[in-house]
Amino acid sequence: MAIFSKKTDHIGGIMDVIRCDEPSYLIWKWHPSGSIQGSNTKENAIRWGSSLRVKEGEVAVFVYNQPNGILQDYIAGPYDGTIKTKNLPVLARILGLLYDGNSPFQAEVYFINLAKIIQVPFGVPYFDLYDPRFLDFGVPTAVRGTITFNITDYMDFIKLHRLINFDLTAFQNQIRDAVVRYVKAVVTNVPEEHSIPVVQIERKISLINDLITNDIKPRLEKDFGVNVVAVDINAIDIDKTSNGYIQLKRVTQDVATATTLAQTEVNIKNLRDIQQINAENLKETMRIQREEAQYAQHKQTQSTHFAAYQLEQQAAVGIAGAEALGNMGTNGATEMTGGGGMNPAAMMTGMAMGSAIGQNMANIMNGMMNGVNDPQQPSAFPPPPPSEVLYHVVINDQTNGPYNINDLTRLVSTGQLTKESLIWKQGFADWIKAENVQELASLFNGSVPPPIPHI
C-alpha cells in the first residue's frame, strides 16, 4: 500500500464524506467525488455541510490557496461531524458569509498521520578521512545507516512545506540528502575533536552514532519539521586496501611501538630509583639501629662495672690535677727567676700537692685490695649493684629490648611474651624459645621472682 496516495469518497452524490481510509500513510490528499485529478476547480470544491471524520492520531488540514497567500485550518482527531464555520474559522473570514448545503468552497484537504513512523536508509559514499597527526595520508571511508522520524508538530511542518502537490518520495530524498551531509561532517571531525585514530574508528561506531544523533536531531526538526526517533549507523567502512590506510597504519604502529618502549624505559628507571632509595633507607636504618645498640651496650657495660669506671675517672682527675700543679710550680719558678731560675717554694708546693693526691689514690687502691683480701673488713666504697641480665625479645616479628626480668614479667602479664616467643641474651649463639631458657621458666608457671632492689 502506498504511503502517499489519493482517494475519493462519495455519499448520495451531493454531500461528501471527508475521511481517510488508507491503512498506511504519512500524508494523504483527499479528493471529492467525481473530481478529475489535476483540476484546480472541481477537484478542490468541497460541499458545505459535508461530513468530516478524523481518527485519533491524525489531523485534517484544510489548505486555502488565496491571492495573498496560503491559509490553513486544522481539525485534530478524533472528530466526527459536519463542516461548519464554527470549526473552519478561516473559511468564514475569507468568504464573509454562510453558504447553504449545495454551495461548494475551494480547499484542499490533507490527512497527516501523527502515529506513522518513516524509515529512510542512507549511505555516505567514500570520502577521505584524515588523522590530525598525519595529514599526508587520506583514508577512504564510507558510512551506512537508517534514520527514523515522524511528524509531531504538524503546524510547524505545514509552515515549512507547501502541502499542495506534496510528494513524499521527494520529501524523503530531501531528508536523505541532508542526513548524508550531516553524517559526513560529523565523521570527518571525529578524529580531531575526540582523539580517535582513523585506523580504530570502526571500533567507535557506538560513540559516533551518539554524536551523529545529537547533531542531526535538532537540524531536521528545524529544517524539515520532523521528529527524529532514531539514527542507526549500521557500518563505517574503511578501504583497507588503499595506500593511505596502509601507510597510516605503518606510521601509527611505529609511533605506538616507540611510545611503548619509551614508557617501559621510564617505568624501569622509576623502579630502579625506588629500589635504590629503599636500599639506602634500609642501610641508614640499620646503621642507626647498630649505633643505638652499641651505645646501649656501652651504657650497660658502664652500669655493670660502675665501680671500676668511677675509680678510673677519679684517677684521671687526680693525675690531671697533679700535672697541673706541677706545671704551676715550674711556671712559678720561671717567673720568679726571670725565665732562667728556679722557684723552690712553688716547686715544693706542687710536689706536696701531687704527693697528697698520689697518696690519696694509693689509699683508695689499698682499701680496694684490702677489701678483696679481707671480706669482713668494710670497704671505703659501697659494693657495685649486682649485674643485671638483659634480654631481647621478638614481638610482632620485630626485635625489642633489652628487657630485665621485671620487664619480662610485665610482658608475660600482657600476653606479649609467651613460651613460644624467641629470646636472646649476651652469650646465646642464636634465638631460642622462652620456655627453653632455664632462668625464665618461673615466668610461665606462676612463680615470679621479686624485682631486683635498686641500691
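Note that the structure is a prediction, hence the values are computed from the model and not measured.
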Which residues pass the side chain to side chain contact (heavy atoms under 4.5 Å, CB included) test with Gln297, sequence neighbours left out? Thr301, Gln426
Do Leu417 and Tyr403 make a side-chain contact, defined as non-hydrogen atoms from C-beta onward lying under 4.5 Å apart? no
Take atom CD in Gln398; do more than 12 heavy atoms of anything else shown fall under 6.0 Å from it? no
Go through it in stages, so that I can follow the logic: the residues are Phe122 and Ile175, the test is side-chain contact (heavy atoms from CB on, under 4.5 Å), and I'd like the CA-CA distance, side-chain angles, deciding distance and then a yes or no. CA-CA 9 Å; Phe122 64 87; Ile175 289 184; over 6 Å; no
Would you call the rings of Phe137 and Phe134 parallel, tilted or perpendicular if under 30° counts as parallel and over 60° as perpendicular? tilted
Please name all residues satisfying salt bridge (Lys or Arg N to Asp or Glu O under 4.0 Å) with Asp430, sequence neighbours left out, ordered by chain then number. none
Show, in sequence, the C-alpha distance, side-chain angles and deciding distance for Val179 and Val120, and conclude whether the side-chain contact (heavy atoms from CB on, under 4.5 Å) test is met. CA-CA 10 Å; Val179 169; Val120 178; over 6 Å; no
Residues in salt bridge (Lys or Arg N to Asp or Glu O under 4.0 Å) with Glu420, at least two apart? Lys433
Correct closest heavy-atom pair for Trp30 and Arg19 would be CD1-O, 3.8 Å
What do the steps show when you test Leu88 against Ile75 for side-chain contact (heavy atoms from CB on, under 4.5 Å), and what is the final call? CA-CA 8 Å; Leu88 294 177; Ile75 299 180; 4.1 Å; yes
Please name all residues satisfying salt bridge (Lys or Arg N to Asp or Glu O under 4.0 Å) with Arg219, sequence neighbours left out, ordered by chain then number. Asp215
Any chance you could measure Ile196, atom CD1, to Leu207, atom CG, to the nearest 0.5 Å? 4.5 Å
Between Val54 and Ala76, which heavy-atom pair has the shortest distance, and what is it? CG1-C, 4.2 Å
For Asn278, give me all partners under side chain to side chain donor-acceptor pair (under 3.5 Å), at least two apart in sequence or on another chain. none
Gap separating the OH atom of Tyr126 from the OG atom of Ser242, nearest 0.5 angstrom: 9.5 Å
So, Glu439 versus Tyr391: side-chain donor-acceptor pair below 3.5 Å or not? yes
Can you list everything that forms a side chain to side chain contact (heavy atoms under 4.5 Å, CB included) with Asp153? Sequence neighbours excluded, please. Met155, Asp156
Measure from the side-chain N and O atoms of Asn113 to the backbone N and O of Ala115, and report whether any donor-acceptor pair falls under 3.5 Å. yes
I'd like to check Glu221 versus Lys217 (side-chain heavy atoms, cut-off strictly below 4.5 Å). Are they in contact? yes
Counterpart residues, salt bridge (Lys or Arg N to Asp or Glu O under 4.0 Å), relative to Glu435 (two or more places apart): none
Testing the basics here: between Phe428 and Ile423, what is the closest heavy-atom pair and its distance to 0.1 Å? CD2-O, 4.0 Å
Where the side chain of Thr141 meets the backbone of Val139, is there a donor-acceptor pair that is under 3.5 Å apart? yes
Could you please spell out the steps behind the side-chain contact (heavy atoms from CB on, under 4.5 Å) verdict for Ile432 and Leu422? CA-CA 5 Å; Ile432 63 176; Leu422 296 178; over 6 Å; no
Are Tyr245 and Ile238 close enough that some pair of their side-chain heavy atoms sits under 4.5 Å apart? yes
Do the side chains of Val229 and Asn150 get nearer than 4.5 Å, heavy atoms only? yes
Is there a side-chain contact between Ile395 and Leu411, using heavy atoms and a 4.5 Å cut-off? yes
For the residue pair Asp128 and Pro140, establish whether any side-chain heavy-atom pair is separated by less than 4.5 Å. yes
Measure the spacing between CD1 of Ile147 and CD of Gln119 and express it to the nearest 0.5 Å. 10.5 Å
Using side-chain heavy atoms (C-beta onward) and a distance below 4.5 Å, is Tyr182 in contact with Ile212? no
Quick one: does Val187's side chain get under 4.5 Å of Val124's, heavy atoms only? no
Do you know the tightest heavy-atom contact between Asp131 and Pro197? OD2-CA, 3.7 Å
How would you list, by chain and number, every residue that makes a side chain to side chain contact (heavy atoms under 4.5 Å, CB included) with Ile205, sequence neighbours excluded? Ile233, Ile236
Taking only residues two or more places apart in sequence or in another chain, which ones pass side chain to side chain contact (heavy atoms under 4.5 Å, CB included) with Gln438? none
Residues pairing under side chain to side chain donor-acceptor pair (under 3.5 Å) where one sits in residues 188-210, two or more places apart or in two chains, turn out to be Glu202-Lys240
If you draw a 6.0 Å radius around CZ in Arg272, do more than 12 non-hydrogen atoms from other residues or ligands fall strictly inside? no
Rounded distance [0.5 Å steps], CG in Leu26 versus CZ in Phe157: 6.5 Å
Which value, rounded to the nearest 0.5 Å, describes the distance between Ile151 atom CD1 and Ile27 atom CD1? 4.5 Å
Among all residues two or more places apart in sequence or in another chain, which pass the side chain to side chain donor-acceptor pair (under 3.5 Å) test with Glu280? Gln276
Classify the angle between the aromatic ring planes of Phe224 and Phe171 as parallel (below 30°), tilted (30 to 60°) or perpendicular (above 60°). perpendicular
What is the ring orientation for His392 with Trp424, classed by angle as parallel under 30°, tilted 30 to 60°, or perpendicular over 60°? tilted
Interatomic distance, CG@Leu443 vs OG@Ser421, rounded to 0.5 Å, equals 11.0 Å
Are the aromatic rings of Tyr25 and Phe111 close, with centres under 6.0 Å apart? no
Donor-acceptor under 3.5 Å (Lys55 side chain, Cys20 main chain): yes
By side chain to side chain donor-acceptor pair (under 3.5 Å), Arg290 pairs with (sequence neighbours left out) none
